[in-house]
S.K.: 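Starting off with a structure, shown below.
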Amino acid sequence: MSRLAAGLWVQAYMMRLQIEAIPSYVVAHGDDTAGAILVKLSPLDGTARLYQRVMSMDGARPWDVLIEAPEADVDALIARQRATDPDLWVIEVESRAGRHMLDEPGLE
């Protein structure tokens, strides 16, 4: 199975969130073809969760929580990650209900 270019995946993800009326923003535009992607979920209560793709033993690439902490701590981690990887995409999703859609078909 071939991997979808990062820029195309981000466009599809943003469209899916828009259809569901979930506010989202591209905070950092990474490399369009091969940039890694972080998704920050903010429930607008001062906390946040940061998701990243991981490689499982069976070759699948599920989304996993990198950190769940006060939003300032999550933002500090994102800043450190961006300092070492300028090709990194960062998407911020705002949902009081905690909806991120990363587990939806076609996005997982």
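Quick note: residue numbers are just sequence positions, from 1.
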S.K.: If you group Ile, Leu, Val, Met, Phe, Trp and Tyr by side-chain heavy-atom gaps below 4.5 Å, do V27 and M101 land in one group?
M.R.: no

S.K.: Where is the tightest heavy-atom contact between A69 and D73, given as atom of each residue plus distance?
M.R.: CB-CB, 4.0 Å

S.K.: About how many Å separate CD of Q52 and CD1 of I67, when rounded to the nearest 0.5 Å?
M.R.: 11.0 Å

S.K.: Is there side-chain contact between I37 and Y13, with heavy atoms separated by less than 4.5 Å?
M.R.: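 Not in contact.
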
S.K.: Pick out which of L41, I22, V93 makes a side chain to side chain contact (heavy atoms under 4.5 Å, CB included) with R99.
M.R.: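 The residue from L41, I22, V93 that satisfies side chain to side chain contact (heavy atoms under 4.5 Å, CB included) with R99 turns out to be I22.
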
S.K.: State plainly whether one hydrophobic cluster holds both L77 and Y25, where clusters connect Ile, Leu, Val, Met, Phe, Trp and Tyr through side-chain heavy atoms under 4.5 angstrom apart.
M.R.: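 No; Y25 is not reachable from L77 via cluster members.
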
S.K.: If two hydrophobic side chains count as joined below 4.5 Å and joins carry through other members, does L38 share a cluster with W9?
M.R.: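 In one cluster: no.
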
S.K.: Same cluster or not: are V10 and V39 linked, directly or through other Ile, Leu, Val, Met, Phe, Trp or Tyr residues, by side-chain heavy atoms under 4.5 angstrom apart?
M.R.: yes

S.K.: Measure the OG-CD distance between S42 and E92 for me, rounded to the nearest 0.5 Å.
M.R.: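 Between atom OG of S42 and atom CD of E92 there are 5.5 Å.
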
S.K.: Ignoring hydrogens, what is the shortest heavy-atom contact between V90 and R82? Give both atom names and the distance.
M.R.: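 What the structure gives for the nearest pair is CG2-CD, 3.9 Å.
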
S.K.: Which pair of heavy atoms, one from D32 and one from H29, lies closest together, and at what distance?
M.R.: OD1-CE1, 2.9 Å

S.K.: Does the side chain to side chain contact (heavy atoms under 4.5 Å, CB included) test come out yes or no for V74 and K40, once each step is laid out?
M.R.: CA-CA 8 Å; V74 173; K40 175 185 165 187; 4.2 Å; yes

S.K.: Counting heavy atoms not belonging to E20, are there more than 12 under 6.0 Å from its CD?
M.R.: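 Count over threshold, so yes.
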
S.K.: Do W89 side-chain atoms and D31 backbone N/O form a donor-acceptor pair below 3.5 Å?
M.R.: yes

S.K.: Heavy atoms only: give me the nearest P43-A48 pair and the separation to one decimal.
M.R.: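 That closest heavy-atom pairing would be CD-CA, 4.3 Å.
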
S.K.: So how far is it from L17 CG to E104 CD, rounded to the nearest 0.5 Å?
M.R.: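 Separation between the atoms: 10.0 Å.
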
S.K.: What I'd like to find out is whether the side chain of V65 reaches to under 4.5 Å of the side chain of L50, using heavy atoms alone.
M.R.: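 No, their side chains stay 4.5 Å or more apart.
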
S.K.: Are V26 and Y51 connected, step by step, through hydrophobic side chains (Ile, Leu, Val, Met, Phe, Trp, Tyr) whose heavy atoms are closer than 4.5 Å?
M.R.: yes

